[in-house]
Amino acid sequence: MEAGGAARGTPGVVVLGPAAMSSAAAAKPILYGYFRSSCSWRVRIALALKGIAYDQVPVNLLKDEGQQLSDEFKAVNPMQQVPALKIDGITLSQSLAIIHYLEDTRPNPRLLPQDPKKRAQVRMISDHIASGIQPLQNLRVLKQMGERKTEWAQKCIASGFQALEQVLQQTAGRYCVGDEVSMADLCLVPQVANAERFNVDLGPYPTITRINKALLELEAFKVSHPSRQPDTPAELRA
């Protein structure tokens, strides 16, 4: 299968008991997310790559003072954050935890390499972005920064990208780690989109820019793009 292609026509391998398998198979997964949420985008890419059909329930982070703060959504995810995924009879939050579950239960195509060193590198890069960059410029933090939010976001992203560029110069092939799409790539593309949104100069990061361009050519990254979601405002649609 070409890197980035979906496992179309191949049933997912779900590690469940027989009764649970028949019940879970009848229910299509439900993704609670927001079109512009980078964490939601990571999960949409994973679902697309693995060829998993799902329904979406939009949670507007800006409307009604934040629909993620409603009692209704708190019952889905007590952390009141997106994404959340209902799948196989459970509800999962936190994008990397969701991706790990999809990898464990539907391992084709792989998003974590079999080689232990490459696997560790993928996890390292994913955590670098998901823990070291994105949380510092997410909506909750930016609201606290007030008029300084753009300056703060630019500073946090640039600082993180300086380190990430050095790491990727050691690990990258066509993509973040070698020539196969991995969980690290699912984290990279949404974070670059955030950088562009906040007008971060990407000139100093040629490796990041090259990998991002290659990934955006893949269908799974195109269909999961924020400009092509059910809740994307008309003026932002592709």
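The model shown is predicted, which means the values in this text are computed figures rather than measured ones.
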Presence of salt bridge, Arg174 and Asp179, under 4.0 angstrom: no

- prompt: Salt bridge check: are Asp185 and Arg42 linked by an N-O gap of less than 4.0 Å?
  reply: no

Residue pair Ser224 / Arg44, side-chain donor-acceptor N/O under 3.5 Å: no

- prompt: Is a side-chain N or O of Gln229 found less than 3.5 angstrom from the main chain of Val223, in a donor-acceptor match?
  reply: yes

- request: In plain terms, say whether Arg210 and Glu217 are close enough for a salt bridge, that is, a side-chain N and a carboxylate O under 4.0 Å apart.
  value: no

- request: Report the C-alpha separation of Arg36 and Arg197 in whole Å, then their side-chain angles, then the decisive distance to 0.1 Å, and conclude whether the side-chain contact (heavy atoms from CB on, under 4.5 Å) test is met.
  value: CA-CA 10 Å; Arg36 189 174 263 168; Arg197 181 181 166 204; 3.4 Å; yes

task: Over all heavy atoms of both residues, which pair between Tyr34 and Ser40 is shortest? Give the atoms and the distance, please.
output: N-OG, 3.5 Å

query: Do the non-hydrogen side-chain atoms of Phe35 and Asn60 ever get within less than 4.5 Å of each other?
result: no

message: Using side-chain heavy atoms (C-beta onward) and a distance below 4.5 Å, is Phe221 in contact with Val189?
response: yes

- request: Please answer whether the main-chain N or O of Leu61 pairs with a side-chain N or O of Gln67 as donor and acceptor at a distance below 3.5 Å.
  value: no

- request: State, yes or no, whether a side-chain contact exists between Pro204 and Glu165 at a heavy-atom distance under 4.5 Å.
  value: no

- request: Taking all non-hydrogen atoms of both residues into account, name the closest pair between Asp201 and Gly203 and its distance.
  value: OD1-N, 2.9 Å

message: Gln134 vs Gln191, test: side chain to side chain donor-acceptor pair (under 3.5 Å). Steps then yes/no.
response: CA-CA 7 Å; Gln134 189 274 332; Gln191 186 55 60; over 6 Å; no

message: If you define the side chain from C-beta out and look only at heavy atoms, does anything of Thr150 sit under 4.5 Å from Asn199?
response: no

query: Would you say Pro83 and Leu31 make side-chain contact, with heavy atoms under 4.5 Å?
result: yes

query: For the atom pair CG (Asn108) and CG (Leu49), what is the distance rounded to the nearest 0.5 Å?
result: 12.0 Å

message: Any non-hydrogen side-chain atom of Gln56 less than 4.5 Å from a side-chain atom of Tyr54?
response: yes

- request: Check whether any side-chain heavy atom of His225 lies under 4.5 Å from a side-chain heavy atom of Trp41, and answer yes or no.
  value: yes

- prompt: Out of curiosity, does Leu216 fall in the hydrophobic cluster containing Leu111 (side-chain heavy atoms, cut-off under 4.5 Å, transitive links)?
  reply: yes

query: Taking only residues two or more places apart in sequence or in another chain, which ones pass side-chain hydrogen bond (donor to acceptor under 3.5 Å, both in side chains) with Gln81?
result: Gln94

- request: Without swapping roles, check the side chain of Ser159 against the backbone of Cys156 for a donor-acceptor pair under 3.5 Å.
  value: no

- prompt: Do Ile90 and Tyr101 pass the side-chain contact (heavy atoms from CB on, under 4.5 Å) test, and can you show the C-alpha distance, the side-chain angles, and the key distance before you say yes or no?
  reply: CA-CA 11 Å; Ile90 61 174; Tyr101 178 78; 4.2 Å; yes

query: Are the side chains of Phe161 and Thr207 in touch, meaning some heavy atoms are under 4.5 Å apart?
result: no

task: Identify the two heavy atoms, one from Gln154 and one from Val200, that lie closest to each other, and give their separation to 0.1 Å.
output: CA-CG2, 3.9 Å

field: Atom of Leu112, atom of Glu103 and distance for their closest heavy-atom approach
entry: N-OE2, 3.1 Å

message: Using 0.5 Å steps for rounding, measure from the CD1 atom of Ile52 to the CG atom of Leu102.
response: 4.5 Å

- prompt: Can you get from Met124 to Leu188 by hopping between Ile, Leu, Val, Met, Phe, Trp and Tyr side chains that sit under 4.5 Å apart?
  reply: yes

task: Report the C-alpha distance between Arg106 and Asp88 in whole Å, list the side-chain angles of each, state the deciding distance to 0.1 Å, and finish with yes or no for side-chain contact (heavy atoms from CB on, under 4.5 Å).
output: CA-CA 12 Å; Arg106 297 152 174 87; Asp88 300 337; 2.9 Å; yes

query: So, for Cys176 and Ile125, which heavy atoms are closest and what is the spacing to 0.1 Å?
result: O-CD1, 4.2 Å

